[in-house]
2 protein chains.
Amino acid sequence: MVQNSPFARKLSAYLELSGPDLAALSDVYDRRRKFPAGQDLISQGQENSSAFILMKGWACSYVLLEDGSRQIVAFHIAGDTLGLRSILFRGSDHNVEAITNIEASEVLISDLASAFGRSTEMATAILWSASRDVSALVANLVGLGRRSAAERIAHCLLELATRLHEVDLCDMHSFDCPLSQYQLADALGLSAVHVNRVLRELRESGLMTFQKRRVTFDDFDGLVAFAQFDRTYLKDTLPKNRFPSPKSNHSVIRPLQYQAR
Amino acid sequence: MVQNSPFARKLSAYLELSGPDLAALSDVYDRRRKFPAGQDLISQGQENSSAFILMKGWACSYVLLEDGSRQIVAFHIAGDTLGLRSILFRGSDHNVEAITNIEASEVLISDLASAFGRSTEMATAILWSASRDVSALVANLVGLGRRSAAERIAHCLLELATRLHEVDLCDMHSFDCPLSQYQLADALGLSAVHVNRVLRELRESGLMTFQKRRVTFDDFDGLVAFAQFDRTYLKDTLPKNRFPSPKSNHSVIRPLQYQAR
DNA sequence: CGTCGTATTGAAAGGATTCAATTCCTGTGG
DNA sequence: CCACAGGAATTGAATCCTTTCAATACGACG
């Protein structure tokens, strides 16, 4: 069912997808491809690269520096769009790598064009979705700039849990996490050694445990407080739902609430 | 002249603005407002906040943490859009403050709607422009995560120079910079004390000077190499110009090149 | 059973912060 | 014209966080 796919569910937080909208999404979904863990979907500098919607598995966007170090910009889970920017630009400014084996649907530039042409609401919904990703990016940036290693780690894992929860892949108490300490380090601007140390401290303090590919929040409220995790931050990005429709076609703006499912 | 305004010039890198497009922009420009240095245009949490196009002066977006520290997410100069996300969301997830006295035009949600309805190209141009801002954000994030204090500072000032150059406010050798060392520190995840120290080191090494509100690149090439500043990064974000037009109205996609003015 | 990637730990070195104090500038008022 | 106030810049010293290097343990896999 197309309307139950992670991406459709995301967009439907903004607008009620009409039949034709879903049909268009369905076309995209038919272009599904598989990538093995470790493979790059998109490479820095590559021209005419595609974008994807991640259907299954984990991926990450990252940038490689000349000195060999890398910075992971974002982790991606089911429903996320990958490399949207790179189809608008001449070349991609980042890499996207599959962390686990993944399935992703290729989004052509023509798909984007037709989605934009479909209706003002559809175009806005996509801008909204992209803006939400930017919000997450900003939150990461703030963490890198102003939070301690322990806060960063806790914050990052809480955020992942929240996002997984949105697409029903996590119960907010624990989740399977395929990330290595190296990847966590590259995402949080730390060394793997230090990630390890801090992870142990977090475990010993009784706040959370990350062992054997599984994250468990032993003291959820304590952790939220410790990481200064803003539980409303996703709610704040809810659409306003007061966007006027000068050219409304078939999509209908949806009344309030989000996680009401 | 509307078409010579910084924002129109930005967009026209993507498409050739038609008469009606310009007229629409002109409407926005008529809603011009002034803000004194230090004033917040947009506040975190604030609902129904506006967006703006910055016409003159410097501003910054920032996030305040509970412990009182703050992280500046981006500096804004003429032609930049401010708080675009906050009109799509229920509440703003960041603050925007005037660094100098500024002039900014208010963008209403209806402006965005009508721009989106105007043509597929116009909508894409706006998405493209927003994506470009994201690229800058990503570059900052990489710097925070993986670069030394000196590299960050050099990189930041080189990037500002590049952007100022785009809107004709800088000759790539030196520029007036209203930022205090505190603001630089808040943007780069450093303490003001350390910014000061590193600024002195950069000066003594003969790479660059930042004194008396003026930044001078004493050894431009050396600085670019030191900061690993990618001079092509703005070029990479050029539009592909192969976006199909299933519903072309009056705007025409423009042939290649950007800074050809 | 050996191998390779990941996790763990210790010790030393380095980078950045904090706190505290001093100097420099610039605008204001006498 | 000068004194003064207040913000910004500068500097020093001690401390803390993180990294680097080096070595070991662990676990899945062929």
Side-chain angles (χ1 to χ4, degrees), chain A residues 36-38 58 60 65 67-72 97 99-101 143-154 156-157 176-205 208-216 226, chain B residues 36-38 58 60 65 67-72 97 99-101 143-154 156-157 176-205 208-216 226:
Chain A
W58 291 52
C60 69
L65 299 192
D67 63 4
S69 65
R70 78 166 180 173
Q71 175 66 42
I72 291 180
E97 174 189 302
I99 291 178
T100 63
N101 294 329
L144 284 178
R146 288 290 171 226
R147 278 194 245 269
S148 72
E151 288 168 333
R152 267 181 256 179
I153 292 177
C156 174
L157 295 175
D176 287 318
C177 180
L179 304 178
S180 74
Q181 298 184 348
Y182 282 89
Q183 289 164 332
L184 219 41
D186 281 345
L188 302 177
L190 301 167
S191 69
V193 175
H194 201 235
V195 166
N196 181 284
R197 239 185 291 272
V198 173
L199 238 25
R200 176 168 51 72
E201 287 165 11
L202 283 171
R203 194 185 323 132
E204 287 169 356
S205 71
M208 57 156 290
T209 306
F210 182 2
Q211 272 179 330
K212 302 185 186 183
R213 322 245 116 181
R214 185 153 191 92
V215 172
T216 306
F226 172 75
Chain B
W58 291 51
C60 68
L65 300 192
D67 64 4
S69 65
R70 78 167 178 171
Q71 175 67 42
I72 291 180
E97 175 187 302
I99 290 177
T100 64
N101 294 328
L144 284 179
R146 288 289 172 226
R147 279 194 245 269
S148 71
E151 288 169 332
R152 266 181 258 180
I153 291 177
C156 174
L157 295 174
D176 286 317
C177 180
L179 304 178
S180 74
Q181 300 185 344
Y182 281 89
Q183 289 164 332
L184 219 41
D186 282 346
L188 303 176
L190 301 167
S191 70
V193 173
H194 201 236
V195 166
N196 181 284
R197 240 185 290 271
V198 172
L199 238 25
R200 178 168 50 71
E201 288 165 10
L202 283 171
R203 194 185 323 131
E204 287 169 355
S205 70
M208 57 156 290
T209 307
F210 182 4
Q211 273 179 328
K212 301 184 185 180
R213 321 247 117 180
R214 186 151 190 93
V215 171
T216 306
F226 172 75

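First the proteins, then the strands, lettered A, B, ... as listed; each starts at 1.
- Contacts between residues 176-185 of chain B and DNA chain D, counted as heavy-atom distances below 4.0 Å, involve B:Ser180, B:Gln181.
- Rounding to the nearest 0.5 Å gives a distance of 12.0 Å between NE2 of A:His194 and CG of A:Leu188.
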Pairs under 3.5 angstrom, nitrogen or oxygen only, protein versus nucleotides 14-16 of chain C, please.
from: C:dA16; atom 1: OP1; to: B:Ala149; atom 2: N; distance (Å): 3.3

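- Considering only residues two or more places apart in sequence or on other chains, B:Asp176 meets the side chain to side chain contact (heavy atoms under 4.5 Å, CB included) condition with B:Arg214.
- Atom CD in A:Glu151 sits 8.5 Å away from atom CG in B:Leu65 (nearest 0.5 Å).
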After noting the C-alpha distance and the side-chain angles of B:Leu184 and B:Phe210, does the key distance pass the side chain to side chain contact (heavy atoms under 4.5 Å, CB included) rule? CA-CA 11 Å; B:Leu184 219 41; B:Phe210 182 4; 3.8 Å; yes
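- Here the range on DNA chain D touched by chain A, meaning any atom under 4.0 Å from one of its heavy atoms, is D:dT18 to D:dC21.
- In terms of the side chain to side chain contact (heavy atoms under 4.5 Å, CB included) criterion, residue partners of A:Gln181 (sequence neighbours excluded) are, by chain and number, A:Val195, A:Asn196, A:Leu199.
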Anything under 3.5 Å between a protein N or O and an N or O of nucleotides 22-26 of chain C, put it in a table, one pair a line.
none

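- Under the rule for a side chain to side chain contact (heavy atoms under 4.5 Å, CB included), the partners of A:Ala37 that lie at least two apart in sequence or sit in another chain are A:Asn101.
- Atoms OH and CD1, from A:Tyr182 and A:Ile72 in turn, are 13.0 Å apart once rounded to the nearest 0.5 Å.
- Of all heavy-atom pairs spanning B:Ala192 and B:Ala185, the tightest one is N-CB, 3.5 Å.
- Every residue two or more places apart in sequence or in another chain that forms a salt bridge (charged side-chain N to carboxylate O under 4.0 Å, His left out) with A:Arg200 is listed here: A:Glu204.
- For A:Thr100, the side chain to side chain contact (heavy atoms under 4.5 Å, CB included) partners two or more places apart in sequence, or in a different chain, are A:Trp58, A:Ile102, A:Pro178.
- Considering only residues two or more places apart in sequence or on other chains, B:Thr209 meets the side chain to side chain donor-acceptor pair (under 3.5 Å) condition with B:Asp218.
- Residues B:Arg213 and B:Arg197 both approach DNA chain D. Their nearest nucleotides, taken by heavy-atom distance, put B:Arg213 toward the 5′ side.
- With rounding to the nearest 0.5 Å, the separation of CZ in B:Arg197 from OG in B:Ser191 is 7.0 Å.
- Terminal axes of the helix from C:dC1-D:dG30 to C:dG30-D:dC1 (five pairs each, C1' rotation axis) are separated by 30°, to the nearest 10°.
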Q: Let me see the working for A:Arg152 and A:Val198 under side chain to side chain contact (heavy atoms under 4.5 Å, CB included), right down to the final yes or no.
A: CA-CA 10 Å; A:Arg152 267 181 256 179; A:Val198 173; over 6 Å; no
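- Partners of A:Arg146 under the salt bridge (charged side-chain N to carboxylate O under 4.0 Å, His left out) rule, at least two apart in sequence or in another chain, are B:Asp186.
- When all heavy atoms of A:Gln71 and B:Gly145 are compared, the pair lying nearest together is OE1-CA, 3.3 Å.
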